[in-house]
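First comes the structure, then the notes that go with it.
Note that the numbering runs from 1 along the sequence shown for the chain. Order of appearance sets the numbers: ligands from 1, and atoms from 1 within every ligand. Given the structure is predicted, the values throughout are model-derived calculations rather than measurements.
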Amino acid sequence: MYVCLCKGITDSQIKDAVFGGASNLREVRKQLGVMSQCGKCGIMTKQIVEDALSTDTVEEQQNLFYAAN
Ligand code: FES
């Protein structure tokens, strides 16, 4: 699902960024460009990043990733 319409960023891309090593919202923003124009995607992006960071195991991360795709 598209989260950031300005940049065409999806929830899967945000999760991938976290699972790939981005450890906070700032790093995700820097990596993807999300929240860099109108900012309307900020709340949803923050929630997705927090959810992805709160998953403890690789298996949980994979389940979250595949559920979104
Ligand atoms: Fe993400 Fe506008 S929707 S910056």
Checking Gln13 against Val34 for the side-chain contact (heavy atoms from CB on, under 4.5 Å) test, could you report, in this order, the C-alpha distance in whole Å, the side-chain angles of both residues, the deciding distance, and whether it holds?
CA-CA 10 Å; Gln13 288 173 286; Val34 66; over 6 Å; no

Walk me through whether Val18 and Leu53 qualify under side-chain contact (heavy atoms from CB on, under 4.5 Å).
CA-CA 7 Å; Val18 173; Leu53 288 172; 3.5 Å; yes

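For the ligand labelled ligand 1, residue Leu5 lies inside the 4.0 Å heavy-atom shell.
Near Gly39, with a cut-off below 4.0 Å to any heavy atom, the atoms of ligand 1 are 2 (Fe), 4 (S). Atoms of ligand 1 lying under 4.0 Å from at least one heavy atom of Gln37, given by number and element, are 4 (S).
Not a single N/O/S atom of Cys41, whether from backbone or side chain, sits less than 2.8 Å from atom 2 (Fe) of ligand 1. Among the atoms of Cys4, an N, O or S atom falls under 2.8 Å from atom 1 (Fe) of ligand 1. Cys6 lies close to atom 2 (Fe) of ligand 1, since one of its N, O or S atoms is found at a distance under 2.8 Å.
No donor-acceptor pair under 3.5 Å is formed between the side chain of Gln31 and the backbone N or O of Glu27.
Nearest approach of Gln37 to Cys6, heavy atoms of both residues: OE1-CB, 3.4 Å. Residues Met44 and Met1 share a closest heavy-atom pair of SD-CE, 4.0 Å.
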